[in-house]
Amino acid sequence: MLKLIQNESIKIALRLRTWIMAALIVVIVLVAAIVINAHLKPNANWKQALLSQNAQAEATLSNPHVYLPPIDRSRIKAQVTINTYDIAHNLPPGHQDAWVFTIGSLSVGQIGVVFVTVLAGDIVAGEFASGTIKALLTQPVNRTRIILSKYVSVLLVTLAMFVLVLVSSIVIGGIFFGFNGVGEPLVFVNVKQMVTQMTTGSYILLGYAFALISGVMIVTIAFMISAVFRSSALAIALSIITLFVGVSLVQLLSSFTWDKYILFANTDLMQYITGGPPVAGMTMGFSIVVLAVYFIVLNAVSWRVFVQRDVSS
Amino acid sequence: MSNEVALEIKNLTKVIGRKTIVDDLSFAVRKGEVFGLLGPNGAGKTTTIRMIVGLIGITKGSVLVHEVDVTKDFESAMSHVGAIVENPEMYKYLSGYQNLLHFARMTPGVNRARIDEVVELVGLKSRIHDRVRKYSLGMRQRLGLALALLRDPSILILDEPTNGLDPAGIREFRDHLRSLASQRGMSVIVSSHLLAEMELMCDRVAIIQDGKLVDIRSINEMKGDAASAAQTTRFKVDNHELARSIFAKADLACQTAPDGRELDVMLDPLAVADVVAALVHAGVKVSGVRTVTRTLEESFLEMTGEVRHA
């Protein structure tokens with residue numbers, strides 16, 4: 001089995017496009033650092049500005065003539081607390097260091113997921129398109145082992161991609177903004193609009209772990225499409241369309257209660273740490289169960305179609 | 001060639017939708033024999049081969065490789081089988097060597113020494129580290145053969161192996177096959193719709209039409225045994241009626257040749273001189289006498305009942 005995974009990994013690694021994608025990821029991180037660095041103008045009066053912002057907020061909160069829903073009220077309160085914290089710890093708004101930058105790079109990870117989707121969409125369909133599937137399936141290896149080795153390789157690539165984003169962000173971020181504060185507490189607003197804190201290091205690990213889970217789900221869809229359709233182009237296009245349509249579909253249908261059963265309403269577990277889920281009443285446990293069910297169904301479909309398929313023409 | 005059976009097909013049937021592509025096909029291939037599947041395009045040859053190597057499912061019947069059922073223990077059955085199905089497609093972005101290394105990892109016991117051996121055997125040594133993208137069709141064919149031979153199979157299966165090869169390539173390929181079968185005792189199964197090709201390659205041929213087995217013949221049998229006494233002898237004469245009466249007197253069956261201008265008689269070669277003498281004596285002008293070996297194509301057309309208009 002290890003040798004089969006080695007085979008699939010080699011086939012990915014020996015293609016130029018893989019390295020173009022990897023280089024693109026590093027370039028995007030680098031460009032982000034350059035742009036942020038150029039706009040990082042320390043405002044000498046930032047403490048003053050935050051203080052007056054806080055005063056204004058307090059005034060709004062204590063004004064009996066202004067109606068505020070409780071959620072907004074708590075959001076404003078949280079912002080005040082964060083502002084106070086920043087003033088006390090001498091952290092100007094938009095301050096950067098390697099760790100804050102690395103958290104921001106999670107969005108580069110999402111671009112990376114699109115790249116891995118391309119590889120996953122091609123990994124089975126590409127063998128059909130090139131005709132190499134005939135040689136691959138006439139070896140003394142059964143089809144279950146073949147598809148499993150391909151899937152594991154896709155997961156390894158997904159993991160490698162996130163590691164690349166993480167490491168390049170820390171290195172590039174460190175060069176541009178310095179390495180201060182990995183053990184420092186990171187203050188953020190949680191789901192209940194309350195101020196919470198955890199160490200920056202833990203926040204980064206949590207963020208990347210959840211991003212990896214989300215990436216795995218999306219890549220699994222691409223893999224299933226790849227196993228079902230024998231054309232690489234179609235598989236890749238369908239996977240990317242699913243990714244984009246899926247996310248906006250969740251927002252579009254958020255007024256329906258069944259919206260929460262859509263895969264894309266559950267892929268981002270970070271929504272239970274900060275921000276909040278798209279449909280009220282969803283919990284992290286619920287999302288994990290939904291993800292697990294999708295995971296099993298998608299892989300069962302890939303496996304079944306691949307193992308049963310007649311390879312003709 | 002021994003009588004040991006390497007591959008046995010029993011009542012093999014493939015139904016797709018409502019169409020029966022392969023219909024109750026049974027045959028056995030012996031050790032060290034080159035066995036041909038012969039039939040017109042669409043007869044079910046490729047479907048049969050794809051069922052043997054597990055590329056498509058079997059509707060009914062079984063394929064036994066050294067008595068191991070392919071559907072029951074695919075991995076152990078396939079460890080005896082090397083196959084090229086249609087054109088050998090390789091990873092174009094890898095070198096020939098990397099391709100072989102890739103497939104070597106899928107079979108236990110195939111090491112680099114074995115790869116070097118098959119590369120040498122198919123004569124691809126000088127170009128093996130080039131990318132397959134740069135290979136000619138003939139080189140790809142040889143790489144395909146190297147791949148099929150990699151795990152030293154006892155059964156080699158080739159589907160339309162010479163498709164797209166030039167005559168020199170076909171000849172070279174044929175010589176390879178013959179020596180593999182005779183020197184290594186390998187059983188080779190080839191499919192083709194080209195009779196002439198099968199005639200040169202195979203020991204026995206299964207003739208397939210509309211998914212059904214028409215007949216299994218040894219090539220020698222089909223050509224007409226060379227040692228057999230009677231051969232079709234074609235006479236070019238001016239007076240057919242007179243000639244016929246003389247043939248009748250000598251108890252020789254006579255019929256008009258396909259072109260209508262000559263007469264065919266089944267005749268022992270040693271008797272030709274006497275018959276000609278008798279004809280000349282009776283005043284028939286004989287302008288040509290030649291023996292006609294029935295071509296494989298004629299036998300084939302006769303068997304499959306196919307009428308071809310030239």
Side-chain angles (χ1 to χ4, degrees), chain A residues 1-21 118-119 122-150 152-153 156 227 230-232 303-313, chain B residues 14 16 21 46-47 49-59 65 68 70-95 98-110 131-133 140 143-144 147-148 150-151 153 157 159:
Chain A
M1 193 65 209
L2 278 177
K3 285 190 171 179
L4 296 181
I5 295 168
Q6 186 191 355
N7 265 351
E8 296 305 326
S9 309
I10 286 173
K11 281 187 271 183
I12 294 169
L14 286 181
R15 297 199 72 170
L16 185 60
R17 65 173 182 203
T18 310
W19 297 102
I20 292 175
M21 287 176 190
V118 173
L119 299 181
D122 189 49
I123 195 160
V124 179
E127 301 265 7
F128 279 94
S130 69
T132 47
I133 190 74
K134 292 179 294 183
L136 196 66
L137 296 185
T138 49
Q139 305 299 314
V141 175
N142 68 43
R143 292 194 188 183
T144 301
R145 292 209 284 151
I146 302 258
I147 188 134
L148 188 61
S149 66
K150 283 188 176 289
V152 170
S153 303
L156 288 177
R230 281 167 295 179
S231 139
S232 314
W303 174 78
R304 178 109 187 130
V305 170
F306 186 76
V307 168
Q308 298 267 305
R309 162 153 285 153
D310 274 358
V311 181
S312 43
S313 85
Chain B
K14 177 72 181 178
I16 298 175
I21 313 285
T46 298
T47 308
I49 282 185
R50 282 173 190 256
M51 279 194 278
I52 296 173
V53 297
L55 284 177
I56 62 177
I58 293 169
T59 310
V65 174
V68 175
V70 168
T71 50
K72 293 206 176 91
D73 190 352
F74 180 75
E75 297 192 355
S76 107
M78 285 308 285
S79 65
H80 300 289
V81 177
I84 305 179
V85 181
E86 287 172 336
N87 289 328
E89 313 284 357
M90 298 285 174
Y91 300 103
K92 292 197 172 89
Y93 52 89
L94 301 180
S95 71
Q98 285 168 329
N99 266 289
L100 293 177
L101 206 53
H102 171 274
F103 290 107
R105 286 192 203 99
M106 300 180 77
T107 310
V110 177
R131 290 199 179 193
V132 171
R133 196 187 303 282
R140 281 181 206 181
L143 184 61
L147 164 60
L150 200 56
R151 54 178 172 271
I157 298 178
D159 183 25

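These numbers come from a predicted model, not from an experiment. Proteins come first, then strands; the chains are lettered A, B, ... in the order of their sequence lines, and each starts at number 1.
- Note on A:R17 versus A:D122: salt bridge recorded, some NZ/NE/NH1/NH2 to OD/OE distance being below 4.0 Å.
- No side-chain N or O of A:T132 forms a donor-acceptor pair with one of B:E89 less than 3.5 Å apart.
- The candidate with the highest count of non-hydrogen atom pairs below 4.5 Å against chain A, out of B:M90, B:H80, B:R105, B:M78, is B:R105.
- Heavy atoms of A:L137 lying under 4.5 Å from chain B belong to its backbone as well as its side chain.
- For A:R145, the CZ atom sits in a packed shell: over 12 heavy atoms of surrounding residues, nucleotides or ligands are nearer than 6.0 Å.
- What you find for A:I147 and A:W303 is that their closest heavy atoms are CG2-CD1, 3.9 Å.
- Neither the backbone nor the side chain of A:Q308 comes within contact range of chain B; no heavy atom of the residue lies under 4.5 Å from a heavy atom of that chain.
- Judged by the 6.0 Å and 45° rule, A:R309 forms a cation-pi pair with A:F128.
- Contacts between A:I146 and chain B at a heavy-atom distance below 4.5 Å involve the side chain alone, from C-beta outward.
- Interface check for chain B: of the options A:N7, A:T138, A:I133, the most heavy-atom pairs under 4.5 Å are formed by A:N7.
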